[in-house]
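Position 1 is the first residue of the sequence, and the numbers go up from there.
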Amino acid sequence: TKKFEKKLSQIVNSKYIVAVNSGTSGLELALRTLNIKDQDEVLVPALTFVASVNSIKFCNAVPHFVDSDTSNFGIDIDKLNKYLEKISHTKNNLLYNKISGRRIFAIMPVHIFGMPCNIIGIQKIAKKFNLKIVEDATEALGSKFRGKQMGTFGDIGVLSFNANKIVTTGGGGALLIKKKKDYNKAFLLSTTAKVRHEWLL
């Protein structure tokens, strides 16, 4: 696994990699690593695979569907910007849904069929509204924008190695992580929170 993570790190140019058993569990782990709370909302495109939504539900959070862009199948950033200005408000530097009262925690852009969505626009919206980005790049290994691998633009990106993907391991996935503290937390959670001890191998 360590050899696989190291090789993948070199291929996608991501400093920290955590291999997991599926893309779905990778998305859930990414959300938990970034400290999602019960009933938080995560913005996700209407056109996606059920795994994106399941990962949010597994965190006892709420998928908040937003319009897709017909030109790239990702989130329509113009509609999203106007929508968030209309339905949200900020309190203590956190974004809340005026209608549901819940915190809007993150955006989960999805690169459908490996087609890069407007990730630069997503980054701008995330910065404007103080949202985390969990990038669903499960279908996008090898897809790049401006020479950069999809999945390396957000706070954490996730790849999949399921049987229908570019590289397959039967199942499997990986987190592409920027910050060491996030890597440490994700690795700890992915290894059943084991800590080093003289009695353990």
S.K.: For the backbone of Pro45 and the side chain of Thr48, can you confirm whether one donor and one acceptor N or O come within less than 3.5 Å of each other?
M.R.: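 Not a single qualifying donor-acceptor pair exists.
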S.K.: Which pair of heavy atoms, one from Ala61 and one from Pro63, lies closest together, and at what distance?
M.R.: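 Minimum heavy-atom separation between Ala61 and Pro63: O-CD, 3.8 Å.
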S.K.: Under 4.5 Å between any side-chain heavy atoms of Arg146 and Ile120, yes or no?
M.R.: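 With C-beta onward as the side chain, the pair touches.
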S.K.: Could you tell me whether the side chain of Phe4 reaches within less than 4.5 Å of the side chain of Ile17, counting heavy atoms only?
M.R.: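 No. Closest side-chain heavy atoms not under 4.5 Å.
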S.K.: How long is the straight-line distance from CG of Asn184 back to OH of Tyr16, given to the nearest 0.5 Å?
M.R.: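 The distance works out to 7.5 Å.
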S.K.: Does CD1 belonging to Ile166 count more than 12 external heavy atoms closer than 6.0 Å?
M.R.: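 For Ile166, atom CD1 is not crowded (no more than 12 foreign heavy atoms under 6.0 Å).
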S.K.: For Ser88 and Leu95, indicate whether the former's side chain and the latter's backbone hold a donor-acceptor pair under 3.5 Å.
M.R.: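 No: the side chain of Ser88 does not pair with the backbone of Leu95.
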S.K.: With side-chain contact (heavy atoms from CB on, under 4.5 Å) as the criterion, how do Leu176 and Glu135 come out once you've worked through the C-alpha distance, each side chain's angles and the decisive distance to 0.1 Å?
M.R.: CA-CA 9 Å; Leu176 314 182; Glu135 199 177 345; over 6 Å; no
S.K.: State yes or no: do Phe58 and Leu34 share one hydrophobic cluster built from I, L, V, M, F, W and Y residues joined by side-chain heavy-atom distances below 4.5 Å, directly or via other members?
M.R.: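 Result: no, two separate clusters.
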S.K.: Between Val18 and Ser190, what is the shortest heavy-atom contact and its length?
M.R.: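 Taking every non-hydrogen atom into account, CG1-OG, 3.5 Å.
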S.K.: Which pair of heavy atoms, one from Gln149 and one from Ala140, lies closest together, and at what distance?
M.R.: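 So the two residues come closest at NE2-O, 2.8 Å.
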S.K.: Mind checking the NZ-CG spacing from Lys128 to Leu84? Nearest 0.5 Å is all I need.
M.R.: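 Output value for this atom pair is 8.5 Å.
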S.K.: To the closest 0.5 Å, what do you measure between CG (Asp67) and CD1 (Ile77)?
M.R.: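 Result: 13.0 Å between the selected atoms.
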S.K.: Are the side chains of Val110 and Phe73 in contact, using a 4.5 Å heavy-atom criterion?
M.R.: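 When only atoms from C-beta onward are counted, Val110 and Phe73 do not touch, as no gap falls below 4.5 Å.
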S.K.: Take Lys178 and Asp182, measure what side-chain contact (heavy atoms from CB on, under 4.5 Å) needs, and give me the verdict at the end.
M.R.: CA-CA 8 Å; Lys178 289 181 178 176; Asp182 290 337; over 6 Å; no
S.K.: What heavy-atom pair brings Asn72 and Pro116 nearest, and what distance separates the two atoms?
M.R.: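 The answer is CB-O, 3.8 Å.
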S.K.: For residues 27-47, which residue pairs pass the side-chain hydrogen bond (donor to acceptor under 3.5 Å, both in side chains) check, not counting sequence neighbours?
M.R.: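 The answer is Glu28-Arg32, Asn35-Lys185, Asp38-Asn60, Asp40-Arg103, Glu41-His64, Glu41-Asn97, Glu41-Ser100, Glu41-Arg102.
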S.K.: Any side-chain donor-acceptor pair under 3.5 Å between Ser52 and Asp136?
M.R.: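 Checked: Ser52/Asp136 side chains pair up, N/O donor to acceptor below 3.5 Å.
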S.K.: Share the residues that join Leu94 in a hydrophobic cluster, the rule being Ile, Leu, Val, Met, Phe, Trp or Tyr side chains under 4.5 Å apart at the heavy-atom level.
M.R.: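 Grouped by the 4.5 Å side-chain rule, Tyr96 form the rest of the cluster around Leu94.
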S.K.: Could you grab the distance from atom CG of Leu159 to atom CE of Met150, nearest 0.5 Å is fine?
M.R.: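 One gets 11.0 Å once the value is rounded to the nearest 0.5 Å.
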S.K.: Is any side-chain heavy atom of Leu31 closer than 4.5 Å to one of Ile56?
M.R.: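 Yes, side chains in contact.
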S.K.: Taking the side chain from Thr138 and the backbone from Gly23, do they hold a donor-acceptor pair closer than 3.5 Å?
M.R.: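 Checked: no pair found.
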S.K.: For Cys117 and Gly74, work out which heavy atoms get closest and say how close.
M.R.: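 Taking Cys117 first and Gly74 second, the nearest heavy atoms are CB-CA, 3.8 Å.
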S.K.: Kindly indicate whether the side chain of Ile119, heavy atoms from C-beta on, has any atom under 4.5 Å from the side chain of Pro109.
M.R.: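 Yes - at least one pair of side-chain heavy atoms lies under 4.5 Å apart.
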S.K.: Would Lys82 and Glu85 count as a salt bridge (Lys or Arg N to Asp or Glu O under 4.0 Å) if you check the C-alpha gap in whole Å, the side-chain angles of each, and the deciding distance to 0.1 Å?
M.R.: CA-CA 5 Å; Lys82 291 175 185 176; Glu85 286 179 344; over 6 Å; no
S.K.: Within the supplied structure, the quantity of interest is the number of heavy atoms (other residues, nucleotides, ligands) at a distance under 6.0 Å from Lys98 NZ; does it exceed 12?
M.R.: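 Check passes, neighbour count above 12.
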S.K.: So with a 6.0 Å cut-off around CZ of Phe49, is the heavy-atom count from everything else above 12?
M.R.: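 No, the 6.0 Å shell around CZ holds no more than 12 heavy atoms from other groups.
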S.K.: Distance-only, no hydrogens or angles: does the Asp69 side chain make a donor-acceptor pair with backbone N or O of Ser71 under 3.5 Å?
M.R.: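 Pair found, side chain donor or acceptor close to backbone of Ser71.
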S.K.: Say whether Phe153 and Val158 are linked into one hydrophobic cluster, either directly or through other cluster members, by side-chain heavy-atom distances under 4.5 angstrom.
M.R.: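 Different clusters.
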S.K.: When you compare the side chain of Leu141 with that of Val12, does any pair of heavy atoms fall below 4.5 Å?
M.R.: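 Val12 vs Leu141: side chains touch.
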S.K.: Out of curiosity, Met115 CE to Glu139 CD, how far, rounded to the nearest 0.5 Å?
M.R.: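 Spacing of CE (Met115) from CD (Glu139) equals 11.5 Å.
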S.K.: Does Leu29 reach the side chain of Leu189, with side-chain heavy atoms less than 4.5 Å apart?
M.R.: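 They are in contact (side-chain heavy atoms under 4.5 Å apart), so the answer is yes.
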S.K.: With the 4.5 Å side-chain cut-off for hydrophobic clustering, are Ile133 and Leu43 part of the same group?
M.R.: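 Result: yes, single cluster for both.
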S.K.: Rounded to the nearest 0.5 Å, what separates atom CG in Asn130 from atom CD1 in Ile104?
M.R.: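 Rounded to the nearest 0.5 Å, the CG-CD1 separation comes to 12.0 Å.
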S.K.: Are Ile177 and Leu188 co-members of a hydrophobic cluster defined by side-chain heavy atoms under 4.5 Å apart?
M.R.: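 Per the 4.5 Å side-chain linkage, Leu188 and Ile177 are not co-clustered.
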S.K.: Hydrophobic clustering (ILVMFWY, side-chain heavy atoms < 4.5 Å, transitive) - are Phe105 and Tyr83 grouped together?
M.R.: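 Each belongs to a different hydrophobic cluster.
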S.K.: Can you tell me if NZ on Lys148 sees more than 12 non-hydrogen neighbours from other groups inside 6.0 Å?
M.R.: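 Buried by this count: over 12 neighbours within 6.0 Å.
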S.K.: Taking all heavy atoms of Ala30 and all of Val134, pick out the closest pair and write down the distance.
M.R.: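 Closest pair (atom of Ala30, atom of Val134, distance): CB-CG1, 3.8 Å.
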